[in-house]
Amino acid sequence: MSVAIVGGGIAGLAFALALHQRGIGCDVYEGVADVKELGVGITLLPHAMKELAALGLLPALEAVAIENLESVFFNRHGQFVYREARGRHAGYALPELGIHRGKLHRILFEAALERLGRERVHTGRRVSGLSQDAEGVTLRFEPTPSGQPAPVRAEWVVACDGVNSAVRRHFYPDDQVCFAGINTWRGVSVHKPILTGKSYIRIGSIDTGKMVIYPIVDNVDGQGNQLINWVAEIRDPQAAMNDWNRPGRLEDFLPVFDAWRYDWLDVPALITSAQQVFEYPMVDKDALPRWTFDRVTLMGDAAHPMYPRGSNGSAQALVDARTLADEIAATTDRRAALQRYQDTRLPATARVVRTNRTVPPDAIIMKADELSGGQPFSQIDDLISQAELRAISDHYKEVAGFALKA
Ligand SMILES: Cc1cc2nc3c(=O)[nH]c(=O)nc-3n(C[C@H](O)[C@H](O)[C@H](O)COP(=O)(O)OP(=O)(O)OC[C@H]3O[C@@H](n4cnc5c(N)ncnc54)[C@H](O)[C@@H]3O)c2cc1C
């Protein structure tokens, strides 16, 4: 059986490694010619770690990441709202890691080169179109500086080509991202450890402006400072959608956070110390009626892009990868395997997409704001108990598939 994977991002490489582990060969076609360590921070939750550990990547990841101790929520006045232990500290068998997305990608990419062989990982091959017949699928590619790559044939194609998937557009030509007026700016700053130095921190809510802050590299300068990943989110119904590739401009978002100076953190100072700021739109897509079209199926962000609010984009992609690899390995009826994969994963991920829009983990801060009228309070316990706030967090874990009991 020949399997072609379109896109060598997190989903594509994890799927290639999962197939290889089950004795099934495949070829990966990645659009970028030279794979670089791109992106900023990404959080690997226990269900993502379970998939990565099964691929034998736990030691490599732990060596370059920070293990989160806790998740902590504050209102925009810098007041404590809710705290919970995370990963192993909360009783999971596996850690929750904060890591540079580029390092995660590099570890997957090098594992794929080593295990599949360099000749099976084709870079500089951007798929431009496809056609199917009874025996297989033909993939066509965009021209490269050295010429026009020849089309390739495969019996089965799995599209892991991300949020702007060309394969998805082939089946859904009117496909568009959903933008609801929320833009984000991301950066990394060298900064002394904040709180425990292993804290995943959310401040404010999307109604007031929101910051997500967590460390991704320890002792980055030999003086005990960390590389701190931060994301600023602002909702403005009038705003134009941020670009994916343009550098962010401080004047577009810093004023919202100007007064966010607390005795435990100076948010404007953290933002302005970043060497570079990237802008991204917060977009997702409505759930599709189907992902599988005969010999072709969709996976990861190509199938179910979601708001990056609960650290689930990579986790759901990794669960997709293992699920389809298991289905393919379990039967000689490949069509049925692709269909079963869709039947399991499409409804599950559609629920995460919806929940990220409506009740993501930061609903905890929105609840506190609602009860306090957005004003400072003397202590959170006067408004709501930690147990009630934990119920919001536990609901999200259950939807996303990483409740402790699961
Ligand atoms: C450059 C980049 C930076 C990112 N940074 C962050 C970040 O900082 N934090 C975060 O939480 N998430 C980030 N993400 C998103 C995150 O990696 C994904 O949401 C998640 O891991 C799902 O993975 P995926 O493999 O489905 O998609 P992606 O990781 O987006 O991978 C898609 C891959 O397909 C390739 N591709 C696209 N079109 C084609 C085509 N036509 N033919 C062949 N190949 C194609 C892309 O080059 C890419 O390698 C980033 C994604 C990218 C591509």
Side-chain angles (χ1 to χ4, degrees), residues 39-45 48 65-84 86-87 96-101 104 182-189 191 193-217 226-235 242 248 252-254 256-257 260 262 264-274 277-284 306-315 352 355-357 359-369 389 392-393 396-397 400:
V40 277
I42 200 164
T43 302
L44 297 172
L45 298 175
I66 290 194
E67 179 170 353
N68 289 340
L69 173 68
E70 60 174 10
S71 172
V72 205
F73 297 70
F74 297 87
N75 67 8
R76 78 190 151 102
H77 308 293
Q79 294 181 295
F80 168 77
V81 172
Y82 174 70
R83 165 180 277 124
E84 68 179 22
R86 301 294 284 191
E96 173 181 304
L97 299 183
I99 189 170
H100 194 290
R101 186 231 177 233
L104 164 66
I182 306 174
N183 279 313
T184 73
W185 291 262
R186 296 171 174 223
V188 285
S189 302
H191 194 279
I194 305 167
L195 301 181
T196 63
K198 296 174 175 212
S199 302
Y200 185 104
I201 302 164
R202 291 178 174 89
I203 313 172
S205 80
I206 197 55
D207 293 332
T208 62
K210 188 182 130 201
M211 290 291 299
V212 178
I213 300 166
Y214 55 93
I216 53 172
V217 181
Q226 294 180 318
L227 203 56
I228 306 280
N229 177 81
W230 54 261
V231 186
E233 278 176 33
I234 299 174
R235 179 165 59 200
N242 269 1
D252 289 340
F253 70 103
L254 189 57
V256 170
F257 303 99
W260 293 29
Y262 318 125
W264 57 275
L265 177 67
D266 183 328
V267 173
L270 176 73
I271 292 173
T272 51
S273 64
V277 176
F278 305 92
E279 65 169 56
Y280 297 91
M282 186 176 280
V283 292
D284 63 4
M306 55 187 65
Y307 280 177
R309 278 180 162 174
S311 315
N312 257 280
S314 58
V352 186
T355 307
N356 279 10
R357 285 181 187 175
V359 262
D362 19 320
I364 286 174
I365 303 168
M366 291 163 92
K367 186 74 194 169
D369 278 353
L389 294 172
I392 300 175
S393 176
Y396 186 78
K397 289 178 201 152

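Quantities reported herein were computed from a predicted structural model and do not represent experimental measurements.
In this structure, the side chains of Arg309 and Val212 stay at 4.5 Å or more apart for every pair of heavy atoms. Residues Ile364 and Tyr396 fail the side-chain proximity criterion, which asks for heavy atoms closer than 4.5 Å. The side-chain heavy atoms of Pro308 and Met282, taken from C-beta on, include a pair separated by under 4.5 Å. Taking 4.5 Å as the limit, some side-chain heavy atom of Ser393 sits within range of a side-chain heavy atom of Tyr82. Contact annotation: the side chain of Phe257 never approaches that of Ile203 to less than 4.5 Å [non-hydrogen atoms, C-beta and beyond]. Side-chain contact between Arg235 and Asp207 is present, with heavy atoms from C-beta onward closer than 4.5 Å. Taking the side chain as every heavy atom from C-beta outward, Ile213 and Leu265 approach each other to under 4.5 Å.
For the pair Asn356 (side chain) and Tyr307 (backbone), a donor-acceptor distance under 3.5 Å is present. Side-chain N or O atoms of Arg86 include none that pairs as donor or acceptor with a backbone N or O of Ser71 at under 3.5 Å. Side-chain N or O atoms of Tyr214 include one that pairs as donor or acceptor with a backbone N or O of Ile42 at under 3.5 Å. With hydrogens and angles disregarded, no donor-acceptor distance shorter than 3.5 Å links the side chain of Asp362 to the backbone of Pro360. Without hydrogens or angle criteria, Asn183 side chain to Asn242 main chain gives a donor-acceptor distance under 3.5 Å.
The two residues Leu270 and Ser189 have their closest heavy-atom pair at O-OG, 2.7 Å. Across all their heavy atoms, Asp252 and Ile234 have their closest contact at O-CD1, 4.5 Å. When every heavy atom of Thr43 is checked against every heavy atom of Ser311, the shortest pair comes out as CB-OG, 3.6 Å. What you find for Ile99 and Leu104 is that their closest heavy atoms are CD1-N, 4.0 Å. Taking both residues in full, the closest heavy atoms of Gly204 and Ile365 are given as O-CD1, 3.2 Å, listed atom of the first, atom of the second, then distance. Taking every heavy atom of both residues into account, Gln226 and Pro215 meet most closely at OE1-CB, 3.4 Å.
Side chains of Ser199 and Glu70: a donor-acceptor N/O pair is present below 3.5 angstrom, by distance only.
Relative orientation of the Phe80 and Phe74 rings is perpendicular, given thresholds of 30° and 60° on the angle between their planes. Taking the six-membered ring where tryptophan is involved, the planes of Tyr280 and Phe278 are tilted, since the angle between them lies from 30° to 60°. Under the 30°/60° scheme for interplanar angles, the aromatic rings of Tyr262 and Trp264 are found to lie parallel.
In this structure, the separation between CD on Glu233 and CE on Met211 is 10.0 Å, given to the nearest 0.5 Å. Taken from CD1 in Ile206 to CG in Asp369, the straight-line distance is 12.0 Å, to the nearest 0.5 Å. Annotation: the span from Glu84 atom CD to Leu69 atom CG amounts to 11.5 Å, rounded to 0.5 Å. The structure places CZ of Arg83 at 9.5 Å from CD1 of Ile201, a figure rounded to the nearest 0.5 Å. In this structure, NE2 in His100 is found 12.5 Å from CD1 in Ile66, a value given to the nearest 0.5 Å. Here CZ of Arg357 is found 11.0 Å from CE of Met306. Values are rounded to the nearest 0.5 Å.
Environment of NZ in Lys397: crowded, with over 12 heavy atoms of neighbouring residues, nucleotides or ligands closer than 6.0 Å.
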Query - Pair Phe73-Leu389, side chain to side chain contact (heavy atoms under 4.5 Å, CB included): steps then yes or no - result: CA-CA 10 Å; Phe73 297 70; Leu389 294 172; over 6 Å; no

